[in-house]
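Below is one structure; the comments refer to it alone.
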Amino acid sequence: MSTAARSLFSFEDTFVRELEGLYLPWQAAPAPAPRLLALNAPLAAELGLDPEALAAPEGVAALVGDLGPDGPTTVAQGYAGHQFGGYSPRLGDGRALLLGELIDVDGHRRDLHLKGSGRTPFARGGDGKAAVGPMLREYVISEAMFALGIPTTRSLAVVATGEDVLRETALPGAVLARVAASHLRVGTFQYAARLKDREVLRRLADYAIARHHPDAADAENPYLAFFAAVVAAQASLVARWMNVGFVHGVLNTDNVTISGETIDYGPCAFMDAFDPATVFSSIDEAGRYAFGNQPHIVQWDLARMAEPLLPLIDEDQDRAIAAATAVLDGFPAQYEAHRRRGLQAKLGLTDAEPEDGPLATDLLDLLHRGRVDHTSAFRALAGVLRGDGAAAGALFADSAGLAAWTARWRAQLAAQGRDAGEAAAAMDAVNPVYIPRNHRVEEALAAATAGDLGPFERLVDVVRRPFEEREGLESYAGPAPEDQGHYRTFCGT
Ligand code: AMP
Ligand code: MG
């Protein structure tokens, strides 16, 4: 490693040392003219990195994978995956590399990983590259998710490579530097299970337990407890997505993490009008990954994780299946509990269910029938408690429906002894004003692709403080005008 790169990063390499068989050593493709487009200074600080050093030429070179002749062993990770239900035994990092692990200021181990760093032996037909737009998209949406309090991978930097990538047209290329609790996924287990060396699977499970779910090590059956911990983390994660209207868009088994972080911001987007059938991805024709189907499909993905774990859970296959099935069957109830608590918080309620039926789901029905904007609606309801129902009134065409529902809601707040002002303040702390609205994201990426980073930087600033209404940002708070048509997103770009 060049001295500059060495002084920038103190990489550790537990993945490389402990999990041989699950990666191929590989190097980033050279970038002809690297230029920093975005650098996440707060994240750099969390990692104990110096933002100024990262922004200097040696830092920017390091952020596209140029770590000098005696740099660390960078690797493309292997994983398998069910993509839209069809199994691919060998996906892996086709255009990504693990640079190494960093210990952050809180003592947590984090991966530093590149996306768009050139073809690897896993690339299949792909070119190994990424375009500026989609990498900035991952940056801004993952930053929004973090600010919303949702577990997620982060984006440390986006660097333009100075090279065009060929998509439908030629687009400027970029590399994203991504930070994650790890890049272990359900698909990593599927990949390990197919290797001839059976020991790799056990080493992977032990590694994942130690890194992410250490309590499982003390359980009577550590591998079953580990599976249960992953199921629990995912049940909580999906509920959080649902409570902000996030549609991941491509919940293949290679995009479901063991840590419980959201990963792989491809065709994801936030829903405007509430509708469980919401799909943005142009290739998700059957709606497999529609908004309302996310809990179900993540449970399906977790079932794919149970399969490789069976031999570790119990030597007797029937017993292993019974034990894993029992854990998996607990997913819906865990998810529902998180979702219910989340919705109650969004309504300023404590967790007792009202006697006259589920208030929150009745509200969602009202939103659905009226095609009401999900984010604006919850925010406007706090206004109702403050004596200003104008914003809510403007959103709901069905004013009688809204009035009837509001009366029940107020009665429930009163029954719980909730002060209206307190409840409104509590709601504002969990219901965002600002999410990365689709038209704002598109506008920012189009400008950035054409060379103007201003709109992107403003959008990042807006979504970093999602709960605090700020003057002058009104136009970031609502959906696009109806006449813009249905929003579409694209995969693998
Ligand atoms: P994703 O849809 O990003 O989860 O990617 C699915 C798989 O396709 C992974 O194995 C990626 O590494 C691979 N992939 C996506 N885009 C490219 C590309 N441009 N070049 C090579 N591999 C790619
Ligand atoms: Mg992926």
Side-chain angles (χ1 to χ4, degrees), residues 12-26 73 75-83 85-94 96-98 101 109 111 120-122 124 180-234 252-260 263 299-328:
E12 298 200 357
D13 58 355
T14 61
F15 179 85
V16 167
R17 279 189 291 107
E18 297 177 33
L19 295 174
E20 203 175 326
L22 294 181
Y23 60 82
L24 297 169
W26 200 255
T73 304
V75 301
Q77 293 183 315
Y79 48 84
H82 279 88
Q83 299 178 296
Y87 187 61
S88 294
R90 194 171 185 273
L91 287 174
D93 287 336
L97 286 180
L98 175 65
E101 300 143 24
R109 182 175 301 278
D111 279 3
T120 77
F122 295 108
R124 294 166 293 152
S182 84
H183 285 79
L184 303 180
R185 329 138 186 261
V186 168
T188 316
F189 283 81
Q190 295 179 294
Y191 185 81
R194 290 173 67 98
L195 297 177
K196 285 213 185 74
D197 180 358
R198 303 296 303 179
E199 261 317 294
V200 179
L201 178 67
R202 185 180 299 275
R203 268 193 282 130
L204 170 62
D206 290 341
Y207 180 90
I209 289 172
R211 189 159 170 183
H212 297 300
H213 303 289
D215 290 350
D218 302 325
E220 196 186 326
N221 185 331
Y223 300 112
L224 185 64
F226 165 59
F227 180 52
V230 177
V231 167
Q234 287 292 333
N252 295 331
T253 57
D254 58 302
N255 293 340
V256 175
T257 57
I258 300 310
S259 64
I263 199 170
Q299 189 184 359
W300 187 91
D301 289 330
L302 291 166
R304 305 289 77 75
M305 175 165 178
E307 290 155 3
L309 286 179
L310 291 177
L312 300 181
I313 290 173
D314 201 308
E315 280 170 20
D316 178 301
Q317 200 187 20
D318 291 338
R319 277 208 307 263
I321 291 174
T325 304
V327 167
L328 200 60

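Since the model is a prediction, treat every value here as computed from it, not as a measurement.
- Residues satisfying the side chain to side chain donor-acceptor pair (under 3.5 Å) test with N252, not counting sequence neighbours, are Y289.
- Relative orientation of the Y191 and F122 rings is perpendicular, given thresholds of 30° and 60° on the angle between their planes.
- Scored by the salt bridge (charged side-chain N to carboxylate O under 4.0 Å, His left out) test, E20 finds no partners at all (sequence neighbours excluded).
- A salt bridge between D111 and R211 is present, with a side-chain N of the basic residue lying under 4.0 Å from a carboxylate O of the acidic one.
- Ring centroid separation for the pair F189 and F226 comes in under the 6.0 Å cut-off.
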E18 vs R203, salt bridge (Lys or Arg N to Asp or Glu O under 4.0 Å): CA-CA, chis, key distance, verdict: CA-CA 7 Å; E18 297 177 33; R203 268 193 282 130; over 6 Å; no
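- Residues L302 and V230 are in side-chain contact: their nearest non-hydrogen atoms beyond the backbone lie under 4.5 Å apart.
- With a 4.5 Å cut-off on side-chain heavy atoms, T253 and V256 do not count as touching.
- In this structure, a donor-acceptor pair under 3.5 Å is present between the side chains of D206 and Y223.
- Taking the side chain as every heavy atom from C-beta outward, V186 and Y79 never approach each other to under 4.5 Å.
- Residues L224 and V327 are in side-chain contact: their nearest non-hydrogen atoms beyond the backbone lie under 4.5 Å apart.
- Rounded to the nearest 0.5 Å, atoms CG (L195) and CG (L201) are 8.5 Å apart.
- If you check the side chains of E101 and T14, you find a donor sitting under 3.5 Å from an acceptor.
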Kindly list each side-chain donor-acceptor pair under 3.5 angstrom involving residues 212-219, sequence neighbours excluded, with atom names and distances?
{"residue": "H212", "atom": "NE2", "partner": "S182", "partner atom": "OG", "Å": "2.7"}
{"residue": "H213", "atom": "NE2", "partner": "I258", "partner atom": "O", "Å": "2.9"}

